[in-house]
Amino acid sequence: MTSTVETDEPLTIDDLARRVQLPVRTIREYHTMRLLPPPERRGRLGLYGDRHIQRLRLITRLQRRGYSLAGIRDLLGAWESGTDLVTLLGVDESQAALDETPLFLTRAELLQRLPALDEAALGRAGRIGLVRPHGEDHFLVRSPALLGLVADWGRIGVPPDGALDLIEVLVADLDTLAGQLAGLIVERIWEPAAAAGRAGELPDLLRRGRPMLLQGAASTLADRIGAALAERAGNAADGDRLLAVLDEIRVGAVADSAGTIHRRGEDR
């Protein structure tokens with residue numbers, strides 16, 4: 001991300017808070033949630049610079065667009081790992097940052113990412129929608145994130161069929177959900193608004209609603225998966241470790257209307 005120079009002088013956390021107009025407590029909580037890079041240490045003093053200003057302004061911008069802190073953390077993590085998140089930087093306001101840019105790969109490039117994929121597994125990946133054949137030797141990947149997830153599991157020895165089982169369930173259930181939501185959007189939103197003479201407002205309404213629906217679905221699904229995993233931890237091998245990991249990665253804070261971060265369970 002390119003940035004203009006904000007200051008030539010290092011900032012204390014109090015200076016930084018004044019510069020970005022956020023409470024010091026909020027900045028500290030962003031550190032705890034791994035949303036903000038650590039300061040440069042000079043003895044016991046932590047000093048901040050332009051990259052911290054840019055990051056805090058980016059977080060604020062994404063919050064104004066309706067993204068949760070958990071979603072922002074995931075987006076920033078994906079960006080730092082090299083995922084294309086042009087929309088996160090504000091270049092394309094019309095596309096939701098959670099909606100990925102599809103990936104176009106040759107067969108060799110795909111198999112380099114998923115070396116355990118044989119022809120049978122590759123065919124199944126195509127049938128369930130993880131990849132889409134494009135000509136004789138190319139594939140279109142609608143969700144690079146799901147491809148990366150399967151690759152991560154493969155690196156620790158998970159067989160392709162096990163990973164594809166999960167993707168198949170996800171895609172099939174999302175197809176069902178998408179059909180139900182589409183019916184409700186047309187019947188309960190589009191048609192009543194058109195009948196009320198507000199049809200001219202509907203395109204902007206859908207453009208604004210799409211990223212919010214995606215973000216809401218992602219946040220809600222994250223909570224549901226975490227709760228379901230916690231329920232199953234008692235019967236899982238090394239279940240205590242699974243519970244510890246779930247506790248570590250969950251969002252342990254909430255933000256009030258002023259943008260101040262509070263740990264969950266504390267008095268506000």
Worksheet item: Salt-bridged, Arg107 to Glu136, with N to O below 4.0 Å?
Response: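 Here Arg107 does not pair with Glu136 in a salt bridge, since their nearest N and O are not under 4.0 Å apart.
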Worksheet item: Under a 4.0 Å N-O cut-off, is there an ion pair linking Asp165 with Arg124?
Response: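 The answer is yes: the pair qualifies as a salt bridge.
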Is [Y] reachable from [X] through a run of hydrophobic residues whose side-chain heavy atoms are each under 4.5 Å from the next?
| X | Y | value |
| --- | --- | --- |
| Leu177 | Leu166 | yes |
| Ile189 | Val186 | no |
| Leu181 | Leu170 | yes |
| Leu246 | Trp153 | no |
| Leu213 | Ile72 | no |

Look at the side chain of [X] and the backbone N and O of [Y], then say whether any donor-acceptor pair between them is shorter than 3.5 Å.
| X | Y | value |
| --- | --- | --- |
| Glu201 | Arg198 | no |
| Asp15 | Thr12 | yes |
| His52 | Leu47 | no |
| Arg34 | Arg73 | no |

Would you compute the distance between atom [atom1] of [X] and atom [atom2] of [Y] and round it to the nearest 0.5 angstrom?
| X | Y | atom1 | atom2 | value |
| --- | --- | --- | --- | --- |
| Leu130 | Phe139 | CG | CZ | 11.0 Å |
| Leu242 | Asp247 | CG | CG | 11.5 Å |
| Leu174 | Leu221 | CG | CG | 8.0 Å |
| Leu36 | Leu58 | CG | CG | 11.0 Å |
| Ile185 | Leu202 | CD1 | CG | 11.5 Å |

Does atom [atom1] ([X]) have a neighbourhood of more than 12 heavy atoms from anything else shown, all under 6.0 Å?
| X | atom1 | result |
| --- | --- | --- |
| Glu109 | CD | yes |
| Arg188 | CZ | no |
| Arg142 | CZ | yes |

Practice prompt. Test side chain to side chain contact (heavy atoms under 4.5 Å, CB included) on Arg132 and Val141 and set out the steps.
Written response: CA-CA 6 Å; Arg132 298 175 187 170; Val141 181; over 6 Å; no
Do you know the tightest heavy-atom contact between [X] and [Y]?
| X | Y | result |
| --- | --- | --- |
| Ala199 | Pro203 | O-CD, 3.5 Å |
| Ala121 | Pro160 | CB-CB, 4.2 Å |
| Ala17 | Pro23 | CB-C, 4.4 Å |

Practice prompt. Using the side chain to side chain contact (heavy atoms under 4.5 Å, CB included) rule, pick out the option among Leu56, Leu22, Val24 that qualifies with Leu16.
Written response: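 That would be Leu56.
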Worksheet item: Going through the distances and angles, do Thr60 and Val20 end up as a side chain to side chain contact (heavy atoms under 4.5 Å, CB included)?
Response: CA-CA 9 Å; Thr60 299; Val20 297; over 6 Å; no
Is there side-chain contact between [X] and [Y], with at least one heavy-atom pair below 4.5 Å?
| X | Y | answer |
| --- | --- | --- |
| Val131 | Leu140 | no |
| Leu105 | His138 | no |
| Glu40 | Pro10 | no |
| Leu164 | Glu168 | no |
| Val150 | Ile167 | yes |

Worksheet item: Which class fits the ring pair Tyr48 and His31: parallel under 30°, tilted 30 to 60°, perpendicular over 60°?
Response: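 Taking His31 first and then Tyr48, their aromatic rings sit tilted (interplane angle of 30° to 60°).
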Discussion item. Under the criterion side chain to side chain contact (heavy atoms under 4.5 Å, CB included), I'd like the reasoning laid out for His134 against Thr106: C-alpha separation, chi angles, the key distance, then a yes or no.
Written reply: CA-CA 9 Å; His134 196 279; Thr106 66; over 6 Å; no
Discussion item. Just by distance, no angles: are the side chains of Thr176 and Asp173 close enough, under 3.5 Å, to form a donor-acceptor pair?
Written reply: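 Short answer, no.
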